[in-house]
Amino acid sequence: MSGPAISTRGVTRDFKAGQQTITVLHGIDLDVKAGELTFLVGESGSGKTTLISIMCGILWPTLGEVEVFGTDIYDLSDDDLVEFRLQNIGFIFQQYNLIPSIDAASNAAVPLIAQGMDRHEAREKAAAMLEKLNIGDQAGKLPNQLSGGQQQRVAIARALVHEPRLVVCDEPTAALDAASGRRVMDLLREVAVAEDRACIIVTHDNRIFDMADRILVLEDGKVTHDGEHMPEDH
Amino acid sequence: MIWIAIRMLTGDPQKFFGLVFGIAFSTLLITQQLTIFVNLLERGASGVYNVSSADVWVMDPVSRTTDVAYAMPSTALDKVRGVPGVEWAVPHIRANASVRTKDGDLEGVAVIGVDDATLIGLPKNMIEGSVDVLSQPDSVIIDDVGTTRMFPDASPIGERLELNDQRAVIRGIADAIPSFTSTVVLYTKYSNALNFVPGTRNRLSFVLVGKADGLTSQELVDRIEAETGLRARTREQFARDGVDFIIENTGIPLNFGITVALGFIVGVAIVGLTFSLFIRDNIKQFGALKAIGVTNGTIRKMVAAQAGLVGLIGYGLGVLGTVGFIYAFSANPTFKGFYIPWQIPLISLVAVTLILALTGWLALRNVLKTEPASVFR
């Protein structure tokens, strides 16, 4: 793989708040490599959610360019951008956002069904992914019949089932104790990190910082640190 | 994705059944009220429909319906008979009277006098007895509304009535379409009717006419009007006159219109509120789907499928409810002969489609406005 998986150049994002314009991101330039577990770290309000939203094509930057695997995603038409996300990006949301009325396998199969795959075939593939995540026996259960950890695994399966090249994970350990958080991170490293895939985790959980391959620290809309470890003053 | 949409909807039974109930209730209200309205209106033409053999009705120029008629001199009958193309013409009298039963109850009735010789003017079918009973002295035939109203517990055959101080004996029961007011009707011979109803110089209400072969009813109407100066109407025109009279002279269209509008508004309110709650409860899921890569077009199809399913089930239940209502009350003379014209379910379908389109659109706006990025907040 030549070149970065994700490249941002001069990404700026403003929000209107009444008469005021607030600049949340100030000309972010960064590259994210495939095959690494990259942490995007920062306090609340630092701009990390805005940056990750822009990096995965769900929020337009006010200025700047974003390339994901060589594609300038904000140069795409609306429909093409949606299709790009569907084919190339897997999402793991903090609240999981599973559909409560369909079982675990069907939830995990959503991206494949959205791609147009036959429902039964998609469900089979999703069940295999759940098996890989050690919850194959829960495939037929509804989300409310699963524990929080099992629901998170279903969400991970949904993010990976269509073999995306970019996996974005929002605060995966926020609601977990230290040991459970590390187990989830081990799992993510095992299943989500691959040579041709970029994996970005948004977090402010300092208990797992040592598990990152690379840490980007965001403060007041600027990248203040880029390295393998957290700076000592954090 | 349609399958997922349907499962999202049916997975929340409270809201699903709430939506189905809203549509079913609206459909029932609209279909049932329109059905009663149309059938009641058609009762305005029952006097015409009950006389199936007359092609043309001839009357005084000021007469408007079978119940709003100004009597003509008996010479009108001869005038009509003299018009070329008239195959036959018979006298017909319709008048109001009061009867006293043997229990002393007073009842307003309509007395219909039919041609003595041919008995043209009687309803086609009899429930009990034969039309020949009218040849016996003082005979009357009562309609089934009268039987139910005046003799609910026993057969009226052989019962004597005091009809405007004259003796009348019931000797048959006619199978007639009730009038708009469900008035009791007594059929008798024209000559008897002249005795039963209070006398004025002119007594002839209508002349019933059969047309000769090779002539249309309208052509005969034109001829009769031109040659006699009387008003003539084809059977269809006169039936329509009866319906129009009710529309123009009663508050019924307005009242039923208000109920139908309420059905629509209640439907919009129940379905709109429930649909909005359903969408609000699932907004995070819709947001996640949008982030994952589900297009707005697919989301529209999903909401349309949800609305379509609710509409199909609710509409079906509503129409079934109306059919059940009509069936359950079919034995009641007030609802005798009621049917659901095919246009009414179609109108309900349009109303339901409008309700779902409106509420679905309102609910959909929230989904389409939801930014995919909101799932990270």
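Excluded from the calculations below are hydrogen atoms, water molecules and symmetry mates; all remaining heavy atoms, backbone and side chain alike, are included. Order of the sequence lines sets the chain letters (A, B, ...), proteins ahead of strands, with each chain counted from 1.
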Chemist: Does B:Glu248 have more than 12 heavy atoms from other residues, nucleotides or ligands lying within 6.0 Å of its CD?
Modeler: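 Counting neighbours around CD of B:Glu248, more than 12 heavy atoms of other residues, nucleotides or ligands fall under 6.0 Å, so yes.
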Chemist: Just by modelled atom types, is the A:Asp103 backbone N or O under 3.5 Å from a matching donor or acceptor in the B:Arg7 side chain?
Modeler: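 Side chain of B:Arg7 to backbone of A:Asp103, a donor-acceptor pair under 3.5 Å: no, none is there.
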Chemist: Is it the case that more than 12 heavy atoms not belonging to B:Asp281 sit under 6.0 Å from its CG atom?
Modeler: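 Correct, the count exceeds 12.
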Chemist: Using 0.5 Å steps for rounding, measure from the OH atom of A:Tyr96 to the CD atom of B:Gln285.
Modeler: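 So the gap between those two atoms works out to 14.0 Å.
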Chemist: Could you walk me through whether B:Ile292 and A:Arg158 pass side chain to side chain contact (heavy atoms under 4.5 Å, CB included), step by step?
Modeler: CA-CA 10 Å; B:Ile292 286 169; A:Arg158 182 177 64 185; 4.0 Å; yes
Chemist: How far apart are the closest heavy atoms of A:Asn97 and B:Ala288, and which atoms are they?
Modeler: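 For A:Asn97 versus B:Ala288, the nearest heavy atoms are CB-CB, 3.7 Å.
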Chemist: What are the two closest non-hydrogen atoms of B:Val294 and A:Ala114, and how far apart are they?
Modeler: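 So the two residues come closest at CG2-CB, 3.9 Å.
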Chemist: Can you see which heavy atom on A:Ser101 is nearest to which on B:Gly11, and at what distance?
Modeler: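 Between these two residues, the closest heavy atoms are CB-CA, 3.4 Å.
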Chemist: Checking heavy atoms, do the side chain of B:Thr295, its backbone, both or neither come under 4.5 Å from chain A?
Modeler: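 It is both, since atoms from each part get that close.
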Chemist: Rounded to the nearest 0.5 Å, what's the gap from CE on B:Met1 to CD on A:Gln115? Could you check?
Modeler: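 Here the interatomic distance stands at 11.0 Å.
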Chemist: A:Leu98 versus chain B, heavy atoms under 4.5 Å apart: side chain, backbone, both or neither?
Modeler: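 Just its backbone gets close to chain B.
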Chemist: For A:His204, is the NE2 atom crowded, meaning more than 12 foreign heavy atoms sit under 6.0 Å from it?
Modeler: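 Incorrect, the count does not exceed 12.
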Chemist: More than 12 foreign heavy atoms under 6.0 Å from CD of A:Gln20: is that the case here?
Modeler: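 Count not over threshold, so no.
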Chemist: So does B:Ala291 get a backbone contact from the side chain of A:Arg85, meaning a donor-acceptor N/O pair under 3.5 Å?
Modeler: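 Side chain of A:Arg85 to backbone of B:Ala291: a pair is present.
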Chemist: Near A:Gln150 CD, under 6.0 Å, is it more than 12 heavy atoms from other residues, nucleotides or ligands?
Modeler: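 More than 12 within 6.0 Å, yes.
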Chemist: Is the closest side-chain heavy-atom distance between B:Met8 and A:Pro100 below 4.5 Å?
Modeler: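 No - every pair of side-chain heavy atoms lies 4.5 Å or more apart.
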Chemist: Rounded to the nearest 0.5 Å, what's the gap from OG1 on B:Thr298 to CD1 on A:Ile113? Could you check?
Modeler: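 So the gap between those two atoms works out to 12.5 Å.
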Chemist: A:Thr50 versus chain B, heavy atoms under 4.5 Å apart: side chain, backbone, both or neither?
Modeler: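 Nothing of A:Thr50, per the 4.5 Å heavy-atom cut-off to chain B.
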